[in-house]
Structures are given as structure tokens and as C-alpha cells.
Amino acid sequence: MKKFDTSVTKVDNEEKMAGLAIFTGDIRMDNAYFAINVRSEKAHAKLKGIEVPKLPKNYYFISAKDIVKENVVNIIASDWPVFADKKVNYIGETIGLIIGPDKEKCIDLSKQVKGIYEDLEPVFDMRNSYVHKEFTKGDVSLFKDAAKVFSEEFTTGYQEQIYLEPQAMLMYLENDQIVVKASMQCPFYIHKAICRTLGVTEDKVRVIQPAVGGAFGGKEHYPSLMAAQLATAIVKIKKPIKMFFDRREDITYTTKRHPSKTEISAYMDKKDNIIGVKIHVGIDGGAYIGCSMVVLSRALIAATNTYTFPNVAISGDAYCTNKVPSAAFRGFGSPQSIFAMELFINHLADYLKVDRMALRMKYLVKTNDVTSTSGIFRDPIILEPLIEKAMEMSDYKRKVKLYSKPGSLRGIGLSMFLHGCGFTGSGESDLIKAKLRIKKDKNGIVTFYTSQVDFGQGNRTTLKRIVVDTLGIPEDHVIYGAPDTNETLSTGPTAASRTIIIVGGLAAKAAQHLKAIWKDGEEQEIVEPYVGPSYIKWDEATMQGDAYPGYAWGVNVVEVSVNPITYEATVEGCWSTYDVGHAIDERILLGQADGGLAQALGWAYLEKEVAEDGMFKQKALADYAIPTSMDLPPMETEIIDNPFKYGAFGAKGAGELTFVGGAPAFALALEQAIKHKVHNIPATPEYIMELMNHED
Amino acid sequence: MINHFVPKTLKEALDILSEHDCYIFAGGTDLMVQKHKSSGLLPAFDKDILYVMNLKELDYIKVDSQNNLHIGGISRFCELINSPLVPDIFKTVFLEIASPNIRNTATLVGNIANASPAGDSIVPLNLFNASVVLQSKRGTRTVLVQDFIQGVKKIDREKDELITEVIVPPADLKFYYKKVGSRKAETITKVSLMGGYKVEGGKVKDLRICFGSISTKVVKNHWIEEKYTGISTNELRARIDDIINEYDHEIRPITDQRSTKEYRTVVAKNLLRDFLRQVK
Amino acid sequence: MKISFTINNNKVTLDVDPSMRLLDVIRNELHLTGTKEGCGEGECGACTVLVKGEPVNSCLTPIINVADRDVMTIEGLRETKEYRIIADAFADRGGSQCGFCTPGMILVTYALLKKNPHPSEEEIRFALSGNLCRCTGYQAIIDAVKVASEKGIKL
């Protein structure tokens with residue numbers, strides 16, 4: 001086993017192992033009322049009224065009519081209402097809350113609340129676009145002169161986050177403030193959502209982060225909805241309220257990864273050189289846009305993956321369907337489009353009758369190449385060593401030849417991929433505007449504050465370490481706790497793989513400045529604002545320019561065997577190489593590598609979530625199968641150092657990168673095992689059977 | 001208000017059952033899911049409950065002089081897996097049921113009484129022609145598991161009866177078993193097949209085939225099994241397609257949240273073919 | 001109904017409904033919150049406790065079924081020297097990320113090593129197969145069990 005010389009003990013290890021960490025559900029507040037959602041039974045209908053039973057004393061029904069200021073959840077598009085009003089747009093949309101002291105009574109009352117509906121025609125498929133984006137690179141008029149055109153379509157399914165701790169929120173009043181403790185990713189998103197729906201100033205709301213049992217994007221936006229609902233209730237009821245989801249409610253009604261459909265065409269000249277590619281990515285956004293336009297952006301920007309084509313036409317749509325809104329999930333759109341491109345370029349090689357790897361290497365992106373959005377890949381790209389190393393670790397070259405034999409029932413697949421770190425374009429400097437507060441007391445004890453939530457990634461450890469090492473003072477002289485909006489300035493959401501590259505960089509800079517002005521025995525405080533690299537120029541309207549401040553890179557190799565009797569796939573081996581700049585803490589990084597890949601493999605072949613008439617069929621963990629310890633092989637990962645000049649200690653982002661390549665590597669391995677092309681995931685045994693029993 | 005009965009003796013339990021219509025609560029791993037309401041709330045039981053896990057009289061695994069295995073009514077899967085008296089093929093099946101934690105709680109009798117089409121333990125019990133023993137104040141009767149389970153959640157049990165024992169006759173057979181779920185552990189069966197056979201002097205002396213999860217109950221067709229018993233193994237292998245076709249009208253799976261009718265049908269037949277090819 | 005049992009070596013007697021989930025008794029009556037609820041349906045293993053040394057899902061166990069029996073939660077295990085070895089191994093390998101599955105994983109590890117002090121990788125994966133983790137991909141947890149095993153918990 002590897003020795004982790006670069007790693008330090010995680011600050012939250014002991015409390016978590018000993019069961020001492022306090023998650024939201026562990027906070028004791030015996031007088032809190034329970035909030036139970038009353039949900040729409042209709043996918044699309046006019047809500048003509050709500051029949052509420054006579055409520056006993058201390059029981060309340062809170063709905064759109066109780067909205068204080070704005071019936072809007074502050075999620076990017078601002079189109080999702082706190083409570084459905086006059087219309088419902090998906091099964092499960094909240095039409096109101098029953099709140100009271102006894103949970104069982106609340107549940108019984110909630111079943112007696114009846115919405116009065118007038119049915120409208122629901123739409124479940126991707127036909128009504130509510131966000132469209134497009135951009136080109138080079139001269140796409142050349143496509144019409146192509147000697148050959150090759151086109152394919154790929155689909156990916158829903159994925160549910162299955163953070164082990166379901167959604168949970170506790171809200172109470174204290175010192176003239178609304179206080180929220182919840183399982184969350186973004187304290188300031190919740191903070192803003194409450195301020196907006198109530199129309200109150202920032203000082204009236206306080207968000208405190210307890211321990212968080214996993215998130216993966218699923219707690220980026222959904223808690224804002226819960227918070228806006230509870231805030232509406234608490235100003236009326238003036239009692240502590242808790243809203244805890246059971247697992248079934250969480251699986252059935254909270255946001256998931258967008259299903260996608262990607263169409264790609266490649267245009268070739270007479271010598272089979274690729275003139276360019278045309279890509280359309282469609283994502284199923286569900287009933288409300290929420291953050292879907294940003295997910296779509298990332299999907300589109302990443303759609304050419306690790307390849308440089310001279311001319312590119314990229315477009316995409318987010319579609320409105322009468323289903324639970326889709327939202328953030330590790331990767332944020334790019335896993336969908338990269339899955340499509342990775343398979344497409346291999347299939348294209350077959351079509352052109354050239355070696356798959358040779359074609360990929362021919363178009364492999366290189367340092368200073370122009371990106372799909374006509375920006376520049378400025379930092380050194382070390383994809384070739386990453387690929388070489390991954391091949392060596394996995395014995396790829398020998399195996400790929402061996403398994404190509406008919407009837408091998410075994411295959412090996414290699415994916416390469418990138419992930420843009422931080423918010424798209426100039427989002428960091430224009431929208432997020434992170435500010436980090438760091439202070440020192442007379443005894444030289446340094447405290448710093450960020451709004452970054454540690455839901456398992458280890459950023460409490462890593463951010464602290466950045467400050468400790470920069471200041472060069474003992475570890476116990478630096479205090480870094482969980483976010484509390486009364487103390488913390490917003491350093492932005494815990495999302496977009498931005499924590500280390502952006503906030504880590506900011507923390508290092510703040511610590512450097514403090515060090516520079518350090519005076520023993522004095523109280524000192526600095527507020528360090530984020531300043532982006534000056535070269536970043538981005539035009540959101542035209543999607544032109546440098547989309548991200550930096551890119552992280554990776555290669556996954558997956559080996560698969562298939563049982564010809566049951567069509568079950570088994571993952572036999574996984575090997576990965578990554579360029580995350582510099583890995584500050586290798587143990588933490590490998591945790592991301594293993595966990596991201598495991599989750600990606602789940603998406604690739606195990607996790608099936610299907611909506612039928614607007615309702616998910618898989619509602620329980622018994623039916624939605626995430627990988628168990630028996631489903632995954634040992635994983636081997638190597639990090640190749642390539643320090644990034646703008647990140648703290650050379651670090652780039654890593655949290656999402658490790659998710660991106662698993663599905664295409666799996667699918668490529670599966671193709672080789674069954675000698676049929678794969679276009680859709682999850683590649684369940686049912687789908688594999690279809691492929692094996694039909695001609696291509 | 002419902003009554004909770006916690007008898008200490010079998011007699012006490014049967015007395016209670018003679019007067020009250022009760023849920024029989026053993027390990028509870030099915031009932032607690034079915035009656036689960038919400039975190040922090042009591043399960044939603046709508047009639048009296050008789051808890052049997054304290055009936056020490058039913059806590060045994062033993063073999064009689066005819067080599068019949070007797071499994072007491074509160075024996076848990078973990079105990080059966082660790083018992084030297086239980087045939088290996090049962091252990092193979094049990095080790096793939098649910099998860100280690102559940103196997104430490106759940107009982108064999110509970111799995112039978114739950115009468116789920118996806119109940120894995122019922123498959124080998126059918127194959128072995130095992131029986132359940134039901135006791136009431138009125139007396140004792142023994143019913144083949146195959147007959148005891150009448151359909152989805154339907155069992156041949158009177159309200160005053162308690163399943164006190166499972167009897168598994170010996171079977172000198174070679175076995176084949178494959179469970180297909182959605183993942184490699186902790187998974188509900190999409191389709192399963194257990195085969196058993198005995199070959200003597202090149203002839204098939206005994207042939208047994210049980211399908212799980214492809215119909216409302218375990219499929220075991222005595223008529224088909226008999227038809228192909230007594231022939232040579234060569235002939236059996238030559239007639240694999242015929243045998244598979246014989247099961248056409250028996251394999252009636254459904255499409256649900258876990259799999260499709262088509263998949264279950266094809267895989268059930270593939271498994272049968274795979275089994276029959278091994279009969280040598 | 002008055003029900004007595006032993007929790008973490010302390011005998012307690014509670015007047016509760018016999019069908020109450022052991023999980024709710026532990027968390028809501030005894031206020032021992034190290035035992036987590038991840039699904040309430042016996043699928044995730046976050047609510048694992050040891051009953052007579054065997055790991056069970058406390059969400060599926062009615063309190064009556066532990067009457068007069070020994071129950072151990074992470075709060076009890078963490079007082080033992082075996083816990084220290086296991087916890088150090090988890091820390092060494094990075095076996096805990098978000099921490100929600102961790103108490104359950106540690107209890108299962110303890111039960112496994114007590115029965116089988118030197119399990120193979122396959123035996124470890126099998127023993128953990130009812131405890132879901134969404135953060136680690138299991139590798140770090142499995143390595144942690146190996147390290148704890150090598151440290152030789154003489155159980």
C-alpha cells in the first residue's frame with residue numbers, strides 16, 4: 001500500500017469515526033415543529049384551489065398565499081416558485097406545507113389536503129426548449145464541401161446523488177435573526193434565497209453549517225427551495241421548524257443529473273481529414289430551468305473534449321419537461337457531452353477504417369491550441385504522458401489486442417478527458433466576487449473564514465493547510481471552522497471544482513498578505529478579494545473567449561468482462577492518471593479519484609432511474625442500485641505533477657474531474673467485450689442483451 | 001390500539017393465536033420495511049402483533065434419523081450459514097440473500113411466509129421438496145412449501161397457526177444455482193434458476209428445475225422433470241431446446257422497476273440451457 | 001411495555017412501544033446520535049449497531065427484539081482499544097470522507113475482525129457489502145480494514 005508522505009491527518013477524522021460529528025439530524029431541538037410537504041399529484045395542471053382540512057390548534061398549512069415578498073427560489077434562472085401557485089408543473093411540486101408539533105399528525109393531515117386541479121397536457125420528452133445556446137469556431141461553411149459525413153446519437157440517463165445523509169434542514173429564530181442549520185453545499189445560496197423570498201436584509205438571516213453527509217451537487221440548489229419554504233412558514237409560526245426527508249422522498253422529489261441526448265456529425269475531406277464537427281447537446285431540465293442554462297454551457301464548452309478540430313459548430317438546448325427539475329451533479333453537464341465525444345471519435349475511427357488510438361492522437365489537444373470557444377489552452381498540457389502512464393499501468397496495449405478477438409467477452413477501454421475548474425468565464429470575478437476574511441489575535445492565533453462546505457472532500461483540512469504552510473506557523477495556531485454567515489464573507493459556493501483552485505488560491509494570498517504585515521502582539525485583520533487572471537476574457541452572450549481559468553486532465557482505463565448467459569458486466573480493473581496541477585494532499589486526492597470513478601461507473605452501468613408519466617419508477621435504495629463494495633475492483637491511480645501557476649501551491653480542481661471519464665472508459669471496454677457499439681447509458685444487462693442479440 | 005404479544009413458550013403463543021388475528025413478527029426485516037411510516041414514527045401496524053423471537057423452543061437446527069433436516073421457526077440465515085448440518089447449496093443461496101446485516105436478523109421462516117416471488121430461499125426449498133410445519137391449538141399439519149405458497153403474498157396459513165418448523169428431506173444431487181440481480185450484493189432477484197440432477201450409468205436418474213422471480217411463485221414443473229428423467233445424458237443434451245420450449249408457458253415474468261419481461265424471459269432460458277449443458 | 005436491554009455495557013429499562021425501531025430508541029430516547037439513518041429500509045447500513053456482537057440494521061429491528069440482549073453502538077465501541085486501532089487505520093487510509101457511513105463501517109469492521117482476524121480482500125468486500133458508501137469507492141475503507149488487520153487486533 002502507498003504511503004502518504006504528503007498527507008496530514010484530516011481535521012474531521014476523529015469526530016466522524018467516533019460518531020461525534022453533529023449532522024443536522026443530530027441537533028437536539030425537542031420543541032421544533034415538523035414540516036411535511038404536500039405535493040402535486042399532477043404533472044401539469046391548473047391549481048384551482050386547495051382544500052385544507054380543519055386544522056387543530058398549533059397546526060398550520062403554509063402555501064403560496066403566505067408568501068411574504070417574492071414567490072421565487074433564488075436559483076440562477078429564478079423561475080422555480082417556493083410554492084406552486086395557480087399551476088403545477090411536475091408530480092411532487094410543493095403546493096404547501098403542513099406544520100405542527102406532532103410528526104404523525106402532520107403526515108395524516110397532509111394526506112387530507114387536496115389540490116383542485118384542471119389537467120393540462122404534460123410533456124415528458126425533450127421537445128420544448130427553454131434555453132438555447134450556440135457558438136462556432138473557425139469556418140463552419142466548409143462543412144458543405146465535405147466528402148464524407150459521419151453522424152451518431154448518444155443518450156445518458158438520470159442519476160440520483162445518493163448522498164448518504166438525506167436532505168435535512170432546521171430553522172429557528174434567535175437574536176432577531178432567522179437561523180438555518182442544514183445539510184448544504186452553499187450557505188450563501190440559502191442565505192440569499194431567504195432574504196429574497198422574505199424581502200429582508202442580509203443581517204436578518206444566519207446560516208450555520210453542521211456536518212454534511214455527502215452532497216455531490218444535490219445540496220447545491222435544493223436546500224434553497226427548502227429554506228425559502230421554511231422561512232415563509234417561520235415568520236408566521238415563530239417556532240423552530242425541521243424538514244427532514246426520508247430516503248424515498250429524497251429519491252423521488254429532489255434534483256438529479258440531467259438526462260441527455262447528444263448528436264455529433266464529423267465532416268471529412270477526400271483524404272479523410274476531419275474538416276470539423278457539429279455537435280448538438282440536449283439536456284432534460286425538468287419543470288424549471290433553475291441552473292440548467294449553466295449546466296448546458298458546461299456541456300457545450302466541454303463537448304470537443306480533449307480534441308482540437310479546426311472548425312466546430314456547437315449548439316444545445318435545455319428542454320422543459322413536466323418532471324422534477326434536474327440540477328447540479330458532479331461534472332455539471334460535461335460528463336454527458338464528453339461521454340458522447342469519447343465514443344464518437346472511436347466510432348469515427350472505425351468508420352474511417354483507421355486505428356482508434358491513432359485517430360485520437362492525431363487530434364489530441366496541445367498546449368496553446370484554440371479551445372472550442374476560441375480561447376487558448378495556455379497552461380502546459382501533459383496528456384501524452386498521462387496516456388502513456390495509464391497504458392503502462394493497465395497493460396493496455398497487450399490487452400486491447402488480446403480482447404479484440406471474437407468471443408473474448410472481455411474488453412478494455414481508455415478515456416481521456418478534461419475539466420474546466422471554477423465558474424465559467426469571468427463568473428468568478430464578475431458574479432461570485434469572493435472575499436476571504438483572515439484575522440489574527442494578540443497571541444498570534446489566526447482565524448480565517450470561508451463559505452466552503454466540507455461534505456467529505458477534505459477541504460477543511462486542505463484549506464487550513466494552505467494557510468498554515470503559507471504563514472509557517474504551527475497547525476494549532478490556525479483556526480478554521482465550518483461556515484457561519486454571521487462571521488464569514490462569501491467565498492462562493494462549494495461547487496464547480498473551485499474550492500482549491502479559487503478559494504485555496506485566495507486563502508494563500510490572504511495568508512501571504514497577513515504574513516507581510518504581521519506584527520507580534522497586535523490584532524490584525526485582512527479582507528482579501530478575488531482577482532482573476534487578467535488574460536481571462538469571456539463573452540457570455542456569444543460564448544467566446546477563455547471559458548475557465550484552468551483545466552485539469554485525466555485518463556481512465558477500465559477493464560470489463562461480460563457474462564454471455566446473464567449479460568451482466570463486471571468491472572475487472574480500473575487504472576487512472578490525473579493532472580490536477582499539484583496534489584496538495586495525495587490521500588485526499590486519491591479519495592476523490594476512487595470515489596468519483598466509482599460514482600461514474602454506477603452511472604455507466606448500474607444506476608437506472610426512469611420516469612414514467614412524470615413519476616420516477618425507482619423510488620427506494622432497493623430499486624436504485626448504487627455500487628456496493630462487491631461491485632468495484634481495486635483501483636490504481638497515479639498523479640503526475642504539473643503545477644498551475646495561479647492555484648494555491650500549484651493546485652487545480654479535482655472533485656469533478658474524477659467523475660468525467662468513467663462512463664466512456666466503461667462503455668469502450670464493453671464495446672470490445674461484446675463487439676457491438678454502445679450509444680446509451682446506463683448499459684444495464686437489459687441493454688447489453690439487446691445489443692448482443694441484434695446486429696449493429 | 002393494537003396488542004403486542006411477547007410469548008415465552010410455544011403453548012402461550014398458540015393460545016394467543018387462537019384468540020387474536022396477529023402479524024407474526026420474527027426478524028422483521030420485511031415487515032419493518034412494509035410497515036415503515038417515517039423516521040421517528042412507529043411502524044404502521046393495523047392489527048395485533050405476536051413476536052416470536054423469544055420462543056426458544058423454535059431455536060434449533062437438527063437432523064433426524066432419516067437425514068431430514070429440521071429447521072426451527074426462528075432460525076436466522078446467519079445461523080443456517082454457519083451450521084454444519086445445512087447443505088452447502090442452501091448456504092450458497094443464503095449468502096446471496098440481502099446483506100450481512102439482514103442475514104443476522106432475518107429468519108428462513110419469515111422469508112417463506114413473506115411469499116415474495118423474489119424470495120430466494122423458496123427456490124431451494126421447492127427443489128428439495130421441503131415442507132413447513134404449522135401448529136395451532138387444533139393440531140399440527142405439514143404442507144409442502146410448493147403448496148404452502150399460493151401466490152404473491154398468499155400463503156396457506158390459518159389465523160391461529162404458527163409455522164414452527166421447516167423440514168428439508170435429503171437430496172443426493174449435483175446442483176446449479178444462479179441468481180441474477182442488479183448488482184453483485186444486496187440485490188433483489190430479477191431471475192434465478194436452481195437445477196439439481198443425479199446421473200447413474202450415463203442415465204439421468206433425477207432432474208429438478210426451479211425458477212425464481214419469473215412468475216407469481218417459484219416455477220417447478222414435476223411433469224416436465226419426469227418426462228426427461230430416465231433418458232441418457234447424451235439425449236438430454238440433444239433435447240435441450242425441447243426442454244426449454246416446454247417451459248415456454250411457465251416463464252411469465254413481468255416488467256417492473258428492476259427489469260423487463262423480455263430480459264427475464266431470455267435469461268431464464270439461458271440459465272436453463274447453461275444448467276442442462278452441465279448434466280453429464 | 002417495559003423493556004430492558006444493555007447498551008454499551010449499561011443496563012437500561014425503557015417504557016416504550018415494543019415495535020419502536022431500535023434506531024429511534026438509540027437516537028431519540030437515548031440521544032446517542034452516532035448511529036445514522038440513511039434510508040430507514042435496511043439498504044444502506046448507516047444505522048448499523050451490534051446486537052450480541054453481530055452487526056444488524058437498527059432501522060429494521062423493533063426494540064422488543066433486543067430485550068435482554070447486549071447492544072453496542074459507536075459510542076460504546078469508541079471507548080475500546082480495538083476502536084483506536086480501527087480508527088487509526090481508517091485515518092491512515094482515508095477511509096472516512098463525509099462520515100455518514102463511517103460509524104457503521106467501523107462497527108462492521110470490528111465485528112469482522114473479531115470473527116476473522118485476517119480476512120482476504122474478498123472477505124472484506126463481502127463483509128462490507130451491506131454498508132453503502134458514496135464517497136470513497138470503498139477502496140480506502142477496504143485498505144483500512146487490511147491495515148487494522150495487520151496491526152493485529154487480538155480480538
Legend entry - From Asn114(B) atom CG to Leu31(B) atom CG, the distance as rounded to the nearest 0.5 Å: 7.5 Å
Legend entry - Structural part of Glu54(C) lying under 4.5 Å from a heavy atom of chain B: both
Legend entry - Geometric cation-pi criterion, Lys47(B) with Tyr23(B): 6.0 Å, 45°: yes
Inset, instruction - Sort Ala106(B) into side chain, backbone, both or neither according to what part of it lies under 4.5 angstrom from a heavy atom of chain C. - result: neither
Legend entry - Which portion of Asp68(C) sits near chain B, non-hydrogen atoms under 4.5 angstrom: neither
Inset, instruction - Check each atom of His4(B) against the heavy atoms of chain C and say whether the ones under 4.5 Å are side chain, backbone, both or neither. - result: both
Legend entry - Contact origin within Leu95(B) toward chain C - heavy atom pairs under 4.5 Å: both
Legend entry - Max heavy-atom pair count under 4.5 Å with chain B, selected residue of Val51(C), Leu60(C), Asp24(C), Thr48(C): Leu60(C)
Inset, instruction - Examine whether an atom of Met1(C) lies under 4.5 Å from a heavy atom of chain B, and if so say whether it belongs to the side chain, the backbone or both; otherwise answer neither. - result: side chain
Inset, instruction - First locate atom NE2 of His31(C), then atom CD1 of Ile26(C), and finally report the distance between them rounded to the nearest 0.5 Å. - result: 13.0 Å
Inset, instruction - Under 4.5 Å heavy-atom distance to chain B, tell me which part of Leu23(C) shows up: side chain, backbone, both or neither. - result: neither
Legend entry - Side-chain touch Glu186(B)/Glu43(C), heavy atoms, less than 4.5 angstrom: yes
Legend entry - Structural part of Asn54(B) lying under 4.5 Å from a heavy atom of chain C: side chain
Inset, instruction - Answer yes when Asp274(B) and Lys178(B) have at least one side-chain N-carboxylate O distance shorter than 4.0 Å, and no when they do not. - result: no
Inset, instruction - Test Arg264(B) against every option in Thr255(B), Asp256(B), Thr189(B) by the side-chain hydrogen bond (donor to acceptor under 3.5 Å, both in side chains) rule and name the one that passes. - result: Asp256(B)
Legend entry - Asn101(B) side chain near Val108(C) side chain, heavy-atom distance below 4.5 Å: yes
Legend entry - Toward chain C, the part of Val6(B) with a non-hydrogen atom under 4.5 Å: side chain
Inset, instruction - Answer with side chain, backbone, both or neither: which region of Asn28(C) has an atom nearer than 4.5 Å to a non-hydrogen atom of chain B? - result: side chain
Legend entry - Which portion of Ala127(C) sits near chain B, non-hydrogen atoms under 4.5 angstrom: backbone
Inset, instruction - Considering only NZ, NE, NH1 and NH2 on the basic side and carboxylate oxygens on the acidic side, decide whether Glu121(C) and Arg125(C) come within less than 4.0 Å. - result: yes
Inset, instruction - Only counting residues at least two apart or in another chain, list the ones meeting ring pair (Phe, Tyr, Trp, His ring centres under 6.0 Å) with Phe275(B). - result: Tyr176(B), Tyr197(B)
Legend entry - Between Ser39(B), Cys78(B), Ala26(B), Gly27(B), the one whose heavy-atom pairs under 4.5 Å with chain C are most numerous: Ser39(B)
Legend entry - Options Ser38(B), Pro43(B), Ala185(B), ranked by heavy-atom pairs under 4.5 Å with chain C, top entry: Pro43(B)
